[in-house]
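Here's the structure we're looking at; comments come further down.
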Amino acid sequence: MTVQPEPATAGAPGAIPPDDLAVAGVPVPAEAAAPTRPEAAVAAPDEVPAQQAGRMSHAEVIQALSGLMLGIFVTILASTIVSNALPRIIADLGGTQSVYTWVVTTELLSMTATVPLWGKMADLYSKKLLIQLSLSLFVVGSLIAGFAPNVTVLLISRIAQGVGAGGMGALAMIVMAAMIPPRELGRYSGIFGAVFGVATIAGPLIGGVLVDTSWLGWRWCFFIGVPFSLAAIALLQRTLHLPVVRRTVQIDWLGALLIMAGVCTLLIWSSLAGHHFAWGSWQTGAFVCGGVLLLALAVWTESRVAEPIIPLGIFRNRTVTLTVVASTLVGVALFGGTVFLSQYFQVSLGKSPTVAGLMSLPMILGLLVSSTVAGQLITRFGRWKAYLVAGSIVMTGGFLLLSTIDARTGVVRLAIYMVVLGVGVGMLMQNLVLAAQNDVPAAELGAATSTLTFFRSMGGAIGVSALGAVLTNRVTSLFVDHFGTSATGGGSAKVPDLETLPAPVLAVIRDIYGTATSDLFLVAAPIGFLAVLAVLFIKEKPLSTLTGEERRAREAADRS
């Protein structure tokens with residue numbers, strides 16, 4: 001199959017990722033721009049009539065977005081289904097608490113490490129073909145996971161799923177920005193909100209039902225995404241039509257390899273340190289020095305190649321640098337904390353997988369409402385920084401509230417805390433990408449978007465690894481305190497199968513996981529506060545009313 005190179009395109013805002021949350025890099029789509037309404041803020045100087053610019057009509061954009069939205073739906077659905085099934089999966093396969101973390105981390109790690117490469121290939125090759133390739137990898141990973149006989153095969157399958165999910169998230173953002181101007185993104189954020197909300201809400205519910213249904217079981221949590229992925233591939237073939245222009249292709253494979261190797265080395269260290277070896281051991285020194293050396297070589301390589309994977313020049317832009325810092329911190333705190341909530345619902349509160357799925361609704365509804373309302377207000381008035389500041393503050397408050405939970409926390413109080421967290425995240429995540437895209441030249445839109453996605457995903461992976469290690473150590477130490485060293489087998493305590501435990505032991509284990517989870521959010525809160533400081537220093541600039549392709553054409557005309 002011949003791949004046709006095409007020019008670089010831009011990106012579009014993103015929101016949470018999942019399993020990983022579980023995971024990282026979900027785009028916030030919007031529709032084609034109609035002329036700005038009279039009651040909105042005065043049009044920016046670069047605004048041109050949509051007809052004159054040859055902008056796609058509303059119906060054309062909806063049609064083009066349909067396949068993208070189905071692909072995004074698949075990746076979110078698969079992630080949220082698995083997150084609710086993980087306690088049962090790990091118990092059935094005989095895994096430990098550390099393995100629980102690695103099932104999440106492996107996908108995040110592979111997704112994070114390959115996002116820059118997907119973004120660069122999108123600048124050079126057919127975006128539609130690349131999206132279909134990413135979905136195909138996701139299908140392969142899902143099938144392997146569904147048939148996994150042990151934890152090792154399951155972890156291998158998560159690598160394929162992560163590479164596919166990373167491609168879907170990064171490429172969808174880049175494609176959408178070519179069609180939609182920043183000023184109009186908020187106006188149509190309800191489209192993404194509906195897809196994200198339905199997939200996120202339906203995932204835990206479907207996953208819970210599958211796990212609780214004896215003749216189906218947790219393996220169908222992986223199989224169920226396969227037909228949706230195949231349908232998305234077919235729909236993209238029919239609906240997504242992008243211009244293809246031939247040009248010389250140069251991919252910095254060495255830089256991509258060094259970036260992936262360096263990131264993977266540091267993430268593996270953050271997962272193993274404190275459990276398999278001490279934080280101050282020689283193994284820590286070897287991992288950290290090796291990871292830093294690989295990343296330093298990557299920076300040296302990127303500064304010398306014609307088409308780097310991550311152009312270092314974009315970090316001279318203050319807004320890009322600050323949004324990268326904020327996105328990384330949000331990923332660390334949010335993904336690292338919330339990915340273990342489903343385990344808390346089931347192990348500590350004693351809820352079934354189906355009920356645990358229902359208990360995730362308050363956070364999702366808070367996120368959906370706040371992101372939609374904030375998007376509408378941003379489009380109407382053209383101001384966006386206030387939502388970043390407010391969102392980061394509310395998010396930090398949500399972490400502090402969740403740091404007070406235990407095995408006896410009431411459902412109503414827990415729901416309120418989760419709504420607070422969801423409202424903060426909804427105002428913050430997608431608008432960080434919007435701020436970065438609005439402040440860079442059109443030629444750097446794709447690089448800025450893929451870079452932001454990369455660091456947000458890396459933050460999520462670091463959060464799941466590091467905070468997962470904190471949870472593992474806390475659970476293990478509490479097990480030792482209550483049951484002695486023999487209960488852990490000299491290592492990490494196994495994720496318990498609650499149905500086999502006597503009542504007195506079950507009560508103690510619920511207290512252990514409740515205490516450990518609250519400690520996790522107590523660690524996440526100061527990380528969230530650092531994100532508040534980062535967004536405070538971002539300078540607000542008027543939103544452009546041109547799509548990425550229109551901006552590119554205007555900048556080319558200005559240079560000539």
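These numbers come from the heavy atoms of this one structure, side chains and all, not from hydrogens, waters or symmetry mates.
In this structure, the separation between OG on Ser136 and CG on Leu129 is 9.0 Å, given to the nearest 0.5 Å. Considering CE of Met395 and CE of Met427, their distance stands at 10.5 Å, rounded to 0.5 Å. Tyr417 OH to Phe521 CZ: the interatomic distance, rounded to the nearest 0.5 Å, is 12.5 Å. Going from atom CD1 of Ile405 over to atom CZ of Arg413 covers 9.0 Å, rounded to the nearest 0.5 Å. Interatomic distance, Phe147 CZ to Ser157 OG, rounded to the nearest 0.5 Å: 12.0 Å. Taken from CE in Met418 to CG in Leu365, the straight-line distance is 10.0 Å, to the nearest 0.5 Å.
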Next on the checklist: Is there a side chain to side chain contact (heavy atoms under 4.5 Å, CB included) between Phe138 and Val163? Walk through the geometry before answering.
Outcome noted: CA-CA 7 Å; Phe138 192 82; Val163 174; over 6 Å; no
Checklist entry - side chain to side chain contact (heavy atoms under 4.5 Å, CB included) between Arg408 and Arg510: does it pass, once the steps are laid out? => result CA-CA 9 Å; Arg408 289 166 291 280; Arg510 285 178 174 172; over 6 Å; no
Item to check | Trace of the side chain to side chain contact (heavy atoms under 4.5 Å, CB included) decision for Val139 with Leu143 | outcome: CA-CA 6 Å; Val139 168; Leu143 290 173; 4.1 Å; yes
Item to check | ring pair (Phe, Tyr, Trp, His ring centres under 6.0 Å) between Phe73 and Phe228, worked out | outcome: CA-CA 8 Å; Phe73 177 83; Phe228 287 101; 5.7 Å; yes
Checklist entry - Do Leu478 and Arg474 pass the side chain to side chain contact (heavy atoms under 4.5 Å, CB included) test, and can you show the C-alpha distance, the side-chain angles, and the key distance before you say yes or no? => result CA-CA 6 Å; Leu478 290 172; Arg474 189 73 175 117; 3.7 Å; yes
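Taking every heavy atom of both residues into account, Leu93 and Pro149 meet most closely at CD2-O, 3.9 Å. Of all heavy-atom pairs spanning Ala531 and Leu329, the tightest one is N-CD1, 3.6 Å. The minimum heavy-atom distance linking Leu171 with Ile131 is given by the pair CB-CG1, 3.5 Å. Taking each heavy atom of Leu349 and Met359 in turn, the nearest pair found is CD1-CE, 3.7 Å. The minimum heavy-atom distance between Ala407 and Asp511, with the atom names listed, is CB-OD1, 3.4 Å. The two residues Phe479 and Tyr513 have their closest heavy-atom pair at CE1-CE1, 4.2 Å.
Using a distance-only test at 3.5 Å, with no hydrogens or angles considered, a donor-acceptor pair links the side chain of Thr409 to the main chain of Asp406. Side chain of Thr265 to backbone of Gly291: no donor-acceptor contact under 3.5 angstrom is found. A side-chain donor-acceptor contact under 3.5 Å links Ser348 to the backbone of Gly514. Checked by atom type and distance alone, the side chain of Gln132 pairs as donor or acceptor with a backbone atom of Ile233 at under 3.5 Å. Side-chain N or O atoms of Ser327 include none that pairs as donor or acceptor with a backbone N or O of Val324 at under 3.5 Å. Although no hydrogens or angles enter the test, the distance criterion places no donor-acceptor pair under 3.5 Å between the side chain of Thr372 and the main chain of Val369. Side-chain N or O atoms of Asn150 include one that pairs as donor or acceptor with a backbone N or O of Val153 at under 3.5 Å.
Between Ser134 and Trp118 there is a side-chain heavy-atom pair separated by less than 4.5 Å. No side-chain heavy atom of Ile259 sits less than 4.5 Å from a side-chain heavy atom of Leu294. When side chains are defined from C-beta on, Val347 counts as touching Ile509, because their heavy atoms get closer than 4.5 Å. Leu68 is listed as a side-chain neighbour of Leu236, based on a closest heavy-atom distance under 4.5 Å.
Counted by atom type alone, Trp269 and Thr284 present one or more donor-acceptor pairs between their side chains at under 3.5 Å.
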